[in-house]
Protein chains: 2
Amino acid sequence: MATVSYAMSDSGRLSKETRKRILDVAEEMGYIRDGNASRLRTGHSALIGVILNTVKNPFFSELVASLEMAAYDGGYLTLLATAQNDPVRQKKLLHSMISQGVGAMIISPVHGTSNDLLAATARRKIPTVVCVRDLPNQERVFVGADEMKSGYLAASHLIKNGHRSMTFLGGYGSTSTWTGRKDGILRALGEAGLPSENCQIRAGTLLADFAYETMRWGLLGVSCAAHDCRLCPK
Amino acid sequence: MATVSYAMSDSGRLSKETRKRILDVAEEMGYIRDGNASRLRTGHSALIGVILNTVKNPFFSELVASLEMAAYDGGYLTLLATAQNDPVRQKKLLHSMISQGVGAMIISPVHGTSNDLLAATARRKIPTVVCVRDLPNQERVFVGADEMKSGYLAASHLIKNGHRSMTFLGGYGSTSTWTGRKDGILRALGEAGLPSENCQIRAGTLLADFAYETMRWGLLGVSCAAHDCRLCPK
DNA sequence: TTGAAAGCGGTACCAT
DNA sequence: ATGGTACCGCTTTCAA
């Protein structure tokens, strides 16, 4: 029993021939080591949990692709689930993943995430990374874009090209993503000496789909109100 | 010990108050049952493994989204990985998933998949579904489109709209997908009394990206050679 | 109605 | 260099 384990993990404790004999037999009978039993004993997991809002949005599917490849390179598998804008579902998923013994978590939190979401991973010392949308006022590791800067760059681009009015369709209001981009836009307007009224600001669920389509065209949620802009979808 | 287990699974063996007391304490200390240990004992897993070629292609990301939602509704989590057109990687992934104790597998096999891929799941009686691309001459469950019919419909559409020549860019040649679509196109040409030379047939790795872009435009790998077709990308 | 104990498949310590 | 054994957290049988 123990010897087989030593053979599989190549601990160097066994003689060349004993090890080879064991591996040969294992190969022949199609043996695959039970990673769960292993984790149960050692506490080391080969699973990384990933919770995103959706995976249909190309931004997120590219993210999934990259995460999965990085995980594979590190010898991990990804447990993927989507929270569908539902904080309750998000929490259930996180608990399910902990139940499955994930060794680490990557979460892009939904709007309305409660402050205690990460308590479960924190208590168990499961390394957790928050991405895309931040969780303010919490102890966490965050990876994401500088939303403020992106809004600023987008608005500046429009202004530089002679546009004086624009519309901001950022999806859900009062998220850190939305607020950051909006602030960036307003800053750009201010620096150009334009009144903030020149940017129509819209937020809400119904606009999310529109914004999504806009994002697909590479405009990051900012759409130009002038109908002859070469960068905007027809 | 045993009593806690009974409380969690609500077997009805415990008195109302004992159960409630246990659940309260569990809640308070943030207890989450270890699904792996459970699986180890019972053999029942809450994991469904999914192996696709890629997840960047919108066709597959929509598939992932649907699979994940269905899994969630059934109380399962999805273990997702991409084979990246690499049969070796595909096999390693499958073994990793078995090692993680998946209860079922869903695979869209890569081109060049060896015949013994599913031997590992078969031996362990892990229910396995092959999708999108078929594995001919094997005992398996397959779910996918009628490729022949889709090629036929696409070519018929072009012919009906007055086009007499076309190009088929189907990506990798000699896959069941490619062959099916090609045969459908040729059948449509035949029925219209057109020679098969009227369809340029191209296959190969370099064309895969082109075909992918074409698919994004909703043309399912069939592109019209006439440059004024309203349906084709500009 | 409750609890003690064995065992799932590994790993790691200890002894041989 | 090798194998016996306890234990990881849970479920299930059996006994109390």
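What you see below is based on every heavy atom in this structure, not just the backbone, and it leaves out hydrogens, waters and symmetry mates. So that the names make sense, note that chain A is the first sequence line, chain B the second, and so on, each numbered from 1.
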Sole candidate of B:Val50, B:Val141, B:Leu67, B:Ile106 that passes side-chain contact (heavy atoms from CB on, under 4.5 Å) when paired with B:Cys131: B:Ile106
Classify the side chain of B:Arg39 versus the base of D:dG9 as yes if they form a donor-acceptor pair under 3.5 Å and no if they do not. no
Identify whether the distance between the nearest side-chain nitrogen and carboxylate oxygen of [X] and [Y] falls below 4.0 Å.
{"X": "B:Asp86", "Y": "B:Lys92", "result": "no"}
{"X": "B:Arg39", "Y": "A:Asp34", "result": "yes"}
{"X": "B:Asp24", "Y": "B:Lys20", "result": "yes"}

Do the non-hydrogen side-chain atoms of [X] and [Y] ever get within less than 4.5 Å of each other?
{"X": "B:His111", "Y": "B:Trp178", "answer": "no"}
{"X": "A:Ile48", "Y": "A:Val102", "answer": "no"}
{"X": "B:Tyr31", "Y": "B:Val25", "answer": "no"}
{"X": "B:Gln84", "Y": "B:Gln90", "answer": "no"}
{"X": "A:Glu147", "Y": "A:Ser150", "answer": "yes"}

With heavy atoms under 4.0 Å as the rule, sort A:Thr18 into base, sugar-phosphate or nothing. sugar-phosphate
With heavy atoms under 4.0 Å as the rule, sort A:Thr42 into base, sugar-phosphate or nothing. sugar-phosphate
Of B:Arg19 and A:Ser5, the one whose nearest nucleotide on DNA chain C sits closer to the 5' end is B:Arg19
Mapping A:Thr3 and B:Leu40 onto DNA chain C by nearest heavy atom, which one lands closer to the 5' end? B:Leu40
Among the candidates C:dA5, C:dC13, C:dT2, find the nucleotide nearest to the side-chain atoms of B:Ala2. C:dA5
Where the side chain of B:Arg41 is defined as all heavy atoms beyond and including C-beta, which of C:dG7, D:dC7, D:dG3 is the nearest nucleotide? C:dG7
Bend of the helix from C:dT1-D:dA16 to C:dT16-D:dA1 from end-axis comparison, five pairs per end, nearest 10°, comes to 50°
For DNA chain C, the residues among residues 118-126 of chain A that have a non-hydrogen atom under 4.0 Å from it: none
Tell me, please, whether A:Tyr72 has B:Arg89 positioned over its six-membered ring: NZ or CZ under 6.0 Å from the ring centre and within 45 degrees of its axis? yes
I want to check one thing: is the phosphate of D:dC10, taken as OP1 and OP2, less than 4.0 Å away from some side-chain N or O of B:Ser38? no
If you compare every side-chain N and O of B:Ser15 against the phosphate oxygens of C:dT2 (OP1, OP2), does one of them come in below 4.0 Å? yes
Other residues, nucleotides and ligands only: do more than 12 of their heavy atoms fall within 6.0 Å of CZ on A:Phe60? yes
Between A:Thr82 and A:Thr54, do the side chains contain a donor N or O and an acceptor N or O under 3.5 Å apart? no
Contact residues, residues 20-37 of chain B to DNA chain D [heavy atom, < 4.0 Å]: B:Tyr31, B:Arg33, B:Asp34, B:Ala37
[X] [atom1] to [N] [atom2]: how many Å, rounded?
{"X": "A:Met8", "N": "C:dG9", "atom1": "CE", "atom2": "C1'", "answer": "12 Å"}
{"X": "B:Arg13", "N": "D:dT11", "atom1": "CZ", "atom2": "C1'", "answer": "11 Å"}
{"X": "B:Ile98", "N": "C:dG10", "atom1": "CD1", "atom2": "P", "answer": "13 Å"}

